[in-house]
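Keep in mind it's a predicted model, so treat the numbers as computed, not measured. Values reported hereafter were calculated over all heavy atoms of this structure, with side chains retained and with hydrogens, waters and symmetry mates removed.
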Amino acid sequence: MKTLTIIARSLLGLIFVVFGFNAFLHFIPMPPPAGLAGDFMKALFASHYFYVVAVLQIVGGALCLVGWFVPLGLTLLGPVIVNILLFHIFLQRAGWQLAAIVAALALFLLWDNRNSFAALIRR
C-alpha cells in the first residue's frame, strides 16, 4: 500500500508541477479552446487569475511530489481539481480522461491521508 501511495502522490504532484510551470514557460503547446471554454480561458488570462491558479498548482504539486505536508498540498489542489472537472463536464469534453485520472489519484490520496482530514467531518 505504501508503494501505491508513493506512486499516486508522485504522479499527482508531477502532473500539477508540470502543468503549473507550463502556464509560465509555455513548453507544452496548447491551442486555445473554442466557444464558451475559450471565453472562460480568455477571462482567466486577461484577469491574471490563471497565474494564481498556476502557482497553487506548483506549490500543491511540489508538496505532494516531495512528500512534505501532503495534506496541505491536497488542500491546495482540491479546489483546482474540482474546477478542472467542472470545466471538462460543462465547457469542453475533450481532455476529460486526464481530469478523471487526476481526480482518482486525489481521492485515493485523500483516503490515504484521511486521519489528517478526520476533524473536518466529525460532529
Side-chain angles (χ1 to χ4, degrees):
M1 185 69 163
K2 183 174 175 139
T3 304
L4 191 59
T5 300
I6 292 170
I7 291 170
R9 183 176 51 76
S10 299
L11 279 174
L12 186 71
L14 187 64
I15 288 168
F16 278 106
V17 167
V18 167
F19 282 100
F21 274 120
N22 188 54
F24 298 104
L25 303 176
H26 309 290
F27 51 86
I28 302 173
M30 299 176 104
L36 285 175
D39 294 340
F40 180 71
M41 294 304 289
K42 286 177 196 170
L44 289 178
F45 278 107
S47 65
H48 301 288
Y49 189 82
F50 189 76
Y51 299 110
V52 174
V53 174
V55 168
L56 290 173
Q57 288 178 345
I58 294 167
V59 173
L63 290 173
C64 288
L65 188 60
V66 175
W68 298 338
F69 304 107
V70 174
L72 176 60
L74 292 172
T75 302
L76 293 174
L77 293 176
V80 175
I81 294 169
V82 169
N83 278 291
I84 290 170
L85 284 172
L86 293 176
F87 176 84
H88 287 291
I89 290 170
F90 292 113
L91 297 175
Q92 185 181 28
R93 300 261 191 250
W96 68 269
Q97 297 90 346
L98 183 57
I101 290 169
V102 164
L105 290 170
L107 286 173
F108 173 76
L109 290 172
L110 279 171
W111 177 256
D112 189 59
N113 290 282
R114 64 189 174 274
N115 291 335
S116 298
F117 296 102
L120 295 174
I121 56 174
R122 280 193 206 129
R123 289 201 262 176

Q: Could you note down all residue pairs passing ring-ring contact (aromatic ring centres under 6.0 Å, His included) where residues 74-123 supplies at least one of them, sequence neighbours left out?
A: F40-F87
Q.
How long is the straight-line distance from CD1 of I7 back to CZ of R9, given to the nearest 0.5 Å?
A. 10.5 Å
Q: Measure from the side-chain N and O atoms of R114 to the backbone N and O of L110, and report whether any donor-acceptor pair falls under 3.5 Å.
A: no
Let me check something: any side-chain donor-acceptor pairs from residues 17-29 under 3.5 Å, sequence neighbours excluded? List them with distances.
residue : atom : partner : partner atom : Å
N22     : OD1  : F27     : N            : 2.9
N22     : OD1  : I28     : N            : 2.7
N22     : ND2  : I28     : O            : 3.4

Which atom pairs, one a donor and one an acceptor, fall under 3.5 Å between side chains of residues 30-39 and the rest of the protein, sequence neighbours left out?
none

Which atom pairs, one a donor and one an acceptor, fall under 3.5 Å between side chains of residues 62-85 and the rest of the protein, sequence neighbours left out?
residue : atom : partner : partner atom : Å
T75     : OG1  : P71     : O            : 2.8
N83     : ND2  : P79     : O            : 2.9

(Q) According to a hydrophobic-cluster definition based on side-chain heavy atoms being under 4.5 Å apart (Ile, Leu, Val, Met, Phe, Trp, Tyr only), do I6 and F16 belong together? (A) no
Q. Would you call the rings of Y51 and F45 parallel, tilted or perpendicular if under 30° counts as parallel and over 60° as perpendicular?
A. perpendicular
(Q) What verdict does the side-chain contact (heavy atoms from CB on, under 4.5 Å) test give for V53 and L44, after you've listed the backbone C-alpha separation in whole Å, the side-chain angles of each residue and the deciding distance to 0.1 Å? (A) CA-CA 9 Å; V53 174; L44 289 178; 5.8 Å; no
Q) Residues in side-chain contact (heavy atoms from CB on, under 4.5 Å) with I101, at least two apart? A) L105
